[in-house]
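In this text the structure is predicted, and so the values were computed from the model without any measurement.
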Number of protein chains: 2
Amino acid sequence: MPRAKSKSRENLLDNALNTFWKTGFHVVSMGDLVRETGVSRAGIYSDFGGKEDLFHACLDRYQDTVVTPAFAPVEAEGAGIEGIKAYFDNLLARFEDTGGFGMGCLVGNTLSQIPEDAQETRQRLRAHCDRLTAGFHKVLTYENGDDGPLSVSEIAALARYTMLSVQGIWSYSRLTGDVAELRAASDMLIAVLKARLRGAPD
Amino acid sequence: MPRAKSKSRENLLDNALNTFWKTGFHVVSMGDLVRETGVSRAGIYSDFGGKEDLFHACLDRYQDTVVTPAFAPVEAEGAGIEGIKAYFDNLLARFEDTGGFGMGCLVGNTLSQIPEDAQETRQRLRAHCDRLTAGFHKVLTYENGDDGPLSVSEIAALARYTMLSVQGIWSYSRLTGDVAELRAASDMLIAVLKARLRGAPD
DNA sequence: CCTGCTTTAGAATGATCGTTCTCCTACATC
DNA sequence: GATGTAGGAGAACGATCATTCTAAAGCAGG
């Protein structure tokens, strides 16, 4: 009977995820990962193929352990604008937990340093953006109802715009230590969505 | 009498800037810079202290040769919303020139991979964000006039929100090759600003 | 051609990278 | 306690990194 995995192995992915999250793929060395995860080099290489494979696994883990819980209020059945607000609150709470500068979004961070030919990575980033956009799209469609002011294409554009703004907010969270700035931007975005659902004229 | 600088030296900064812009500080090696700029290693080290000093010089150069011309319509005396629109058009035109994926914003790209203790770099990024925010703030103040619907603090929040959204849009430009997506987001942001200047209720 | 200076290509250096390997410890099962 | 195996510590390796150094080439003024 095979032995159970050691304790440190269980947290390997989560610790590696946090390390990559802080400063990005290229800045993190295998030595850093060994130190931060407490797992030996051989252990990392036997569980994953190498640094890049580990990073891809971290991107997937990020979806499961970070995005899914935080974004749940948006993806929940019958979620409305308050679901988006709850999502922002989750992100703000995470920012406040870190104290000082935030870490932004792992996907957004990766996006800013991805080479043109890293297709496997790019595909994961795109999936993330599409996931967020789809969630916002669903909520906006729900709020718009059958006879709301927004057309389907307007909803699509507004959903993507929301996703882009969220990325901008979390990118900036790496530069500020003031949660009030981020909260103001989140509130502004919520207000914008509400206004357009109410039929603000162009 | 000292000789004039060689031709390749004149473009050193611009070529280095483009190289850093594409993939970020850590991915670019000195060998890459030598190849892309056509200047010898010794030449780079004599004109600048080292890789990091060169990068800082590129951040400054970025302000002068990229941000200043593109952002000029916003910073111009008496600029209004159409100045912001012209700024977006400049960025969209730049995106279309590259063909395929965009390069985003050098500041935004750097922000996503900056270590917590890189204070000299962080200071430059903050200055950039403050510059954009100040430009939008000026335009919004102008458009709001003496008896507009927005208070001073609302203008400040809206200016920062605009800056954040712009960063999000240009971050996403690294993931898409479709200028229509970016234009839709830009148009949406303009519409949002106009609506709030018209006094959209919260 | 000679002299003085700038700029070049490229080797040398020491550090660090990702990756692999060996050796040894620690523990489950008998 | 003996045995088998998984995991950890860290050396070894070749590649590449930023940086420095050497030597030669290019060019201006005499």
Side-chain angles (χ1 to χ4, degrees), chain A residues 1-59 109-110 113-121, chain B residues 1-59 109-110 113-121:
Chain A
M1 186 175 172
R3 277 177 45 210
K5 295 225 166 186
S6 77
K7 183 119 175 296
S8 59
R9 290 290 185 98
E10 290 176 17
N11 301 326
L12 200 169
L13 256 185
D14 290 317
N15 290 330
L17 166 56
N18 266 286
T19 308
F20 280 130
W21 197 347
K22 266 179 270 181
T23 47
F25 177 76
H26 294 99
V27 179
V28 173
S29 71
M30 289 303 292
D32 295 330
L33 291 169
V34 168
R35 181 165 17 84
E36 298 284 333
T37 64
V39 178
S40 68
R41 294 176 126 78
I44 297 178
Y45 277 93
S46 79
D47 281 16
F48 305 90
K51 190 186 174 189
E52 192 159 5
D53 301 279
L54 173 58
F55 181 67
H56 286 151
C58 285
L59 281 177
N109 297 350
T110 304
Q113 50 190 125
I114 190 177
E116 189 129 11
D117 59 330
Q119 301 181 13
E120 195 161 346
T121 303
Chain B
M1 187 178 173
R3 280 182 36 213
K5 294 225 167 186
S6 75
K7 183 118 175 295
S8 58
R9 290 287 185 100
E10 293 176 14
N11 301 326
L12 200 169
L13 257 185
D14 290 316
N15 290 331
L17 166 55
N18 266 285
T19 308
F20 280 130
W21 197 349
K22 265 179 273 182
T23 47
F25 177 77
H26 294 99
V27 178
V28 172
S29 72
M30 289 302 292
D32 294 331
L33 290 169
V34 168
R35 182 167 12 88
E36 297 285 333
T37 65
V39 179
S40 68
R41 293 175 127 79
I44 296 178
Y45 277 93
S46 79
D47 281 17
F48 305 90
K51 190 187 174 187
E52 192 158 6
D53 302 278
L54 174 59
F55 181 66
H56 287 152
C58 285
L59 280 176
N109 297 350
T110 304
Q113 50 190 121
I114 191 177
E116 190 129 9
D117 60 330
Q119 301 180 14
E120 195 161 346
T121 303

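- Listed pair A:Ser29 / C:dC17 meets the phosphate criterion, a side-chain N or O lying under 4.0 Å from OP1 or OP2.
- Scanning for side-chain contact (heavy atoms from CB on, under 4.5 Å) contacts around A:Asp53 gives an empty result, with sequence neighbours left out.
- Using a 4.0 Å heavy-atom criterion, one finds that A:Val28 contacts the sugar-phosphate atoms exclusively.
- Ring geometry for A:Phe55 versus A:Phe20: interplanar angle over 60°, hence perpendicular rather than tilted (30 to 60°).
- As rounded to whole Å, 11 Å separates atom P of C:dC17 from atom CG of A:Leu33.
- The side-chain contact (heavy atoms from CB on, under 4.5 Å) check on A:Asp14 picks up A:Arg61, A:Thr65, with sequence neighbours excluded.
- Evaluation of the side-chain hydrogen bond (donor to acceptor under 3.5 Å, both in side chains) rule for B:Ser40 yields no partner, not counting sequence neighbours.
- At whole-Å resolution of the value, CZ in A:Arg35 and P in D:dG10 are 13 Å apart.
- Judged as a ring-ring contact (aromatic ring centres under 6.0 Å, His included), and not counting sequence neighbours, B:Phe48 has no contacts.
- A:Glu120 pairs by the side-chain contact (heavy atoms from CB on, under 4.5 Å) definition with A:His56, A:Arg124, not counting sequence neighbours.
- To the nearest angstrom, C1' of D:dG7 lies 16 Å from CG of A:Asn11.
- Taking atom CD1 of B:Ile44 as the reference point, atom P of C:dA9 lies 11 Å away to the nearest angstrom.
- Atom NE2 in B:His26 sits about 14 Å away from atom P in C:dT16, given to the nearest Å.
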Taking N or O atoms only and anything under 3.5 Å, show me the protein contacts with nucleotides 19-24 of chain D, one pair per line.
residue: D:dT19; atom: OP2; partner: B:Tyr45; partner atom: OH; Å: 2.7
residue: D:dT19; atom: OP2; partner: B:Lys51; partner atom: N; Å: 3.0
residue: D:dT19; atom: O5'; partner: B:Tyr45; partner atom: OH; Å: 3.0
residue: D:dT19; atom: O4; partner: B:Arg41; partner atom: NE; Å: 3.2

